[in-house]
Amino acid sequence: MTFYLFKLKPLALYSGLVFSLAGCSLVPTYERPSLPVAAQWAHKDAGLQSTAATLPWQSFVVDERLRTLVATAIEHNRDLRQALLNIDGARAQYRVQRADRVPTVEGQASGTRQRMPGDLSPSGQAQIQEAYQAGLGLTSFELDLFGRVRNLSESALQQYLATEEAARAVQTSLVAEVVQVYLARNSAQQRQLLTSNTLKTREVSLRLIERRRQAGTATALDYYEASSLVEQARADLERIEREYLQSTNALGLLVGIADVTGYLPEQQVSSLLLVQDLAPGVPSELLEQRPDIRAAEFRLRARNADIGAARAAFFPRISLTGMFGSSSAELSDLFGGGQRGWSFAPQISLPIFDGGRNRAGLDLATVRKDMAVAEYEKSIQTAFREVADALAATDTLRREEQARKTLAETSAKALKLSEARYRAGVDDFLRFLDAQRSDFANQTVLIQVATQRQSALADLFRALGGGWDGYTGLSAAEVAKQAQEQGANPSSDAYAQLVQ
């Protein structure tokens, strides 16, 4: 058996030769596409102070119970767990690809024993032949003169970084959704209390109308109108109860635990749950804040590296295979003196005719890069639209909430005055019923608009790529930034050390 073992000095010499020759790269120079959006937001409130980019979600969510619920969701949500596992898979895939950049040394041992018949034996006599080998061997190792292996490793690295950013995007959406469903449940609780109190008031009015009808001072129309209001309130109460239960079930799914009721308040929360002022910054900041945009740019970098690998396929490929060890015809003499053996087998291959395979591979890599550019630009435009929509929503809902609040206060006063006039006999019952309908509708809409404004704040924080932290370790952007600060190429060991 041949024991394949390169001495340390020659191995270092070969490694130095490989990395010195591997300076040639055919990858195109990466240029970030221009920002395909306006330079400023259409809706921008200069009075906003808290910047989403520097505000962690623990500070954005001011309600302690809601913060606990969000933290529990980050720990147990299955979608986020799958996204984090995808990071581990992408990291492992990158390390597998990166391993092709260094020689692979294997320990090998083999033995053969065969009988050769006389008519095939040189001596004309049947004989038994034996051969034993043991050693270390260098398997086929490609000298990456034109950057093919290096660019494949670079592509795998960028895919890993994109996967990590995608996980952060999942976490961002999860936190925002938990906040919004919590707000919806709290809104249902508020409307449930309002409707329950309204139902009690209408039932009292219905009994009063019934007594007046028996006394002849109220008509059958008054009675049926009052009865319809009571039944409407009962129907509204059941609908709101359905919304309350469904939002509770949705929170259970998002949080990912068996029983979420222990984390939820039994009564409505009247205090504000979120920071009310968020500064959007400028559109260009989205490139660094939004994880989905960063993920799209990492995928674009990966497609750019694929072009370099596809170009390198047109050039010669040099592979090295070597062995060092000992061999013997007798097992007992395998490691004896004079049994040392070695071999060194370089191989070069040059594509001459491949039926257009390499050209098609380069065309495919180029098209995929163009697709990645379109995806990157679309992600920026989508982010811009989401921020613009959230800014418009928070801006208009703030003013609408104030107007609705004034309207609700006015309708409440009108209801009291209408009831007093009806009891005094100045107005008929139908006008009093209209006042009841109007006040109930205005109070309900006020609760809904207030909830929509809080939900729009969560949308704005998510759209701006706020500080949704939740798992440890360097982010993909931090990995890239630190490697660049160290003057390292993205496919160098500096990146690899940070990734590992």
Side-chain angles (χ1 to χ4, degrees), residues 15-33 86-104 141-167 287 291 293-319 358 361-376 379 473-500:
S15 299
L17 176 63
V18 169
F19 289 109
S20 63
L21 292 177
C24 178
S25 177
L26 302 175
V27 64
T29 301
Y30 175 77
E31 295 182 1
R32 174 183 285 180
N86 288 339
I87 293 178
D88 294 336
R91 182 188 297 115
Q93 181 62 43
Y94 161 64
R95 295 175 69 180
V96 168
Q97 187 66 55
R98 181 175 175 270
D100 291 338
R101 298 178 57 196
V102 296
T104 300
F141 170 65
E142 180 178 347
L143 292 178
D144 196 23
L145 302 181
F146 301 99
R148 190 187 73 87
V149 178
R150 186 172 68 256
N151 286 323
L152 290 176
S153 176
E154 164 73 359
S155 177
L157 173 62
Q158 298 300 331
Q159 288 287 359
Y160 155 68
L161 299 178
T163 303
E164 185 172 82
E165 292 298 341
L287 301 182
I293 295 179
R294 295 199 298 264
E297 184 171 8
F298 283 129
R299 287 191 290 270
L300 175 57
R301 289 179 178 272
R303 301 289 80 81
N304 196 60
D306 288 340
I307 293 179
R311 287 177 175 176
F314 289 89
F315 294 87
R317 295 173 61 178
I318 300 176
S319 300
N358 289 337
L362 178 58
D363 292 342
L364 178 60
T366 303
V367 170
R368 284 178 174 173
K369 180 188 176 181
D370 293 340
M371 294 170 61
V373 171
E375 178 191 0
Y376 175 71
S379 65
L474 294 175
S475 69
E478 290 168 339
V479 170
K481 182 178 179 181
Q482 289 195 18
Q484 291 172 358
E485 289 175 351
Q486 297 170 11
N489 185 276
S491 33
S492 68
D493 290 340
Y495 261 18
Q497 292 174 0
L498 291 173
V499 169
Q500 296 173 357

Test side chain to side chain contact (heavy atoms under 4.5 Å, CB included) applied to Ala90 - qualifying residues, sequence neighbours left out: Tyr160, Thr163
Atom pair CE (Met371) and CG (Leu364), whose distance is rounded to the nearest 0.5 Å: 9.0 Å
Arg317: salt bridge (charged side-chain N to carboxylate O under 4.0 Å, His left out) partners, not counting sequence neighbours: Glu142
Sequence neighbours excluded, every pair satisfying salt bridge (charged side-chain N to carboxylate O under 4.0 Å, His left out) that has a member inside residues 307-316: none
Contacts of Arg368 that satisfy salt bridge (charged side-chain N to carboxylate O under 4.0 Å, His left out) - sequence neighbours left out: none
Residues in side chain to side chain contact (heavy atoms under 4.5 Å, CB included) contact with Ala302, at least two apart in sequence or another chain: Ser155, Gln158, Gln159
From OG1 (Thr366) to CG (Asn304), nearest 0.5 Å: 10.0 Å
Verdict with reasoning, Phe314 to Leu362, per side chain to side chain contact (heavy atoms under 4.5 Å, CB included): CA-CA 9 Å; Phe314 289 89; Leu362 178 58; 3.9 Å; yes
Residues which pass side-chain hydrogen bond (donor to acceptor under 3.5 Å, both in side chains) with Glu375, listed by chain and number, not counting sequence neighbours: Arg299
Flag, side chain of Asp306 to backbone of Ala365, donor-acceptor distance under 3.5 Å: no
Where Ile307 and Lys369 come nearest, the two heavy atoms and their spacing: CD1-CD, 3.5 Å
Asp363: side-chain hydrogen bond (donor to acceptor under 3.5 Å, both in side chains) partners, not counting sequence neighbours: none
Residues in side chain to side chain contact (heavy atoms under 4.5 Å, CB included) contact with Pro33, at least two apart in sequence or another chain: Tyr30, Leu300, Val373, Tyr376, Glu377
Set of salt bridge (charged side-chain N to carboxylate O under 4.0 Å, His left out) partners for Asp88, sequence neighbours left out: Arg91
Nearest-0.5 Å distance that lies between atom CG in Leu157 and atom CG in Leu152: 12.5 Å
Contact summary for Ala310 and Gly361, nearest pair of heavy atoms: CB-O, 4.0 Å
Glu165 side, atom CD; Ile293 side, atom CD1 - distance, nearest 0.5 Å: 11.0 Å
Gap separating the CZ atom of Arg148 from the CG atom of Asp144, nearest 0.5 angstrom: 7.5 Å
